[in-house]
There are 2 protein chains.
Amino acid sequence: MPRVVDHDERRRVIAGAVLRLAAREGLEAVSIRSVAAECGMSAGAVQKHFATKEDMMLRALELTEERLERRYAALPDDAGVGEHIRQALPLDEERREEAIVITAFTARAANRADWGRFLAEGYLAVQDSAAELLRRAQADGLLPADRDADDMAAGLTALSDGFSLRLLQLPPGSPEADRLLRALDASVRALLGVASSW
Amino acid sequence: MPRVVDHDERRRVIAGAVLRLAAREGLEAVSIRSVAAECGMSAGAVQKHFATKEDMMLRALELTEERLERRYAALPDDAGVGEHIRQALPLDEERREEAIVITAFTARAANRADWGRFLAEGYLAVQDSAAELLRRAQADGLLPADRDADDMAAGLTALSDGFSLRLLQLPPGSPEADRLLRALDASVRALLGVASSW
DNA sequence: CAGTTAAGAATACGACTGTATTCCGATCGT
DNA sequence: ACGATCGGAATACAGTCGTATTCTTAACTG
């Protein structure tokens, strides 16, 4: 047996380069060759790690979900809804990369059944765990119990996605972005029926 | 002077073909040649009407805004917020086309300052007119007056965009889509602080 | 009726695409 | 030490892209 490398790790590195490139120059700028240049490999090397370009793109999409879940897991136990939502907003370079790529994939997935299923399942998973969080908060008396937790969870994910789209068009930290974040906070409170941010 | 055609009308026809094609086969399938085939012209004819492909794409984006505004204008005077939001949701083929294209453009615009400005202005215009609508409703006592109309308007557009993304992944009329629409209704009511849909 | 001029078709061109294939070098088991 | 085998680089190929250019057709003006 000759030299052996960690195949999965290499695939992750390449997928990361896809995200960086897609965020910086757009999804249409992603080609085998440009990705190879982005991570300092030869085009042939990149090719060896994925059966097809689509596989590579899907791996990049998966990576965004992995990153999001890792951030969720790193949150303290008493983190509220607002803190969770913030993890999906393009507030730093990493999350901005993910938001751009996910948005582009969402548009493409509208006419590709398999991609659409992948995304829809991801949405549903996030929404379900959010609903679980909300139900516990209702049981603890932290939230009014007269609202449907699933409806609230769907509304919260929609709010998060909607504000993400807006924030993508604004430079982070700009006054308009701050204004949007305040509106998001107010919207979350209204949706949950609480007076102060939880 | 030889034969003269309505240049603007032709550009609109071509932009419509771009929307149809992008919705059916994805933004990446849009090329001068494929658009020409879509509207039964020669590639050279399409080329003559736009200085560059980017111009053509931007015209298609403009067309989505024109369509949305036309639907807004066609709404009865007493139409509520829910009715307005529905005009931007992918509930039929035409609105589905627009939603797909706008989503794809939003992703691309994240690294193109001019596109981003175009979209951000469009968002702001929609949001401002929504805020105006809400302020009037507050003055008429239809809505609680203790909420900031601009924050509510930002939240409503975000909800609309967020649910649009979700709906794009589901076949129209499916049970999941209906479920989402009910959640949207509930979210709008919670955001506005009203018990029944307005 | 000739001539000008716009619309549209066709073609040409260089660049880039994804993928298949070939080739080289390094590393491990034997 | 030798050779099997994998990682990786390089190249080849057919196709498509946007755009520039050329050519044809048709209509209006003088």
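Convention: sequence-line order gives letters A, B, ...; per-chain numbering from 1. Quick caveat, the model's predicted, so the values are computed rather than measured.
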remark   = Heavy-atom closest pair (B:L180 atom, B:F163 atom, distance to 0.1 Å) is O-CE2, 3.5 Å

message = Testing the basics here: between A:A110 and B:Q169, what is the closest heavy-atom pair and its distance to 0.1 Å?
response = N-OE1, 4.2 Å

inquiry  = Whole angstroms only, please: what is the CG-C1' distance between B:D6 and C:dA7?
reply    = 14 Å

query = Ignoring hydrogens and geometry, is there a side-chain-to-backbone donor-acceptor pair from B:S160 to B:L156 under 3.5 Å?
reply = no

task = Decide, yes or no, whether a salt bridge links A:D150 with A:R135 under the criterion of side-chain N to carboxylate O below 4.0 Å.
result = yes

inquiry  = Salt bridge or not between B:D148 and A:R189? Use side-chain N to carboxylate O under 4.0 Å.
reply    = no

Distance in angstrom units between A:E9 CD and D:dG7 P, rounded = 15 Å

note = Students should find that the end-to-end axis angle of the helix from C:dC1-D:dG30 to C:dT30-D:dA1, with five pairs defining each axis and rounding to 10 degrees, is 10°

inquiry  = Is the shortest side-chain heavy-atom distance between A:F105 and A:T64 below 4.5 Å?
reply    = no

query = Taking 4.0 angstrom as the limit, do A:E83 and A:R71 come out as a salt bridge?
reply = no

ask   = Does B:R10 place a side-chain N or O at less than 4.0 Å from the phosphate oxygens OP1/OP2 of C:dA7?
value = no

ask   = Could you give the CZ-to-P distance, from A:R11 to D:dG7, as a whole number of Å?
value = 13 Å

Sole residue of B:E97, B:E93, B:E38 in side-chain hydrogen bond (donor to acceptor under 3.5 Å, both in side chains) with B:R24 = B:E38

inquiry  = Base contacts versus sugar-phosphate-only contacts with protein, heavy atoms under 4.0 Å: please encode nucleotides 17-22 of chain D as B, S and - from 5' to 3'.
reply    = BBBB--

Out of C:dA7, C:dG8, D:dA9, whichever nucleotide has its closest atom nearest the side chain of B:H7 = C:dA7

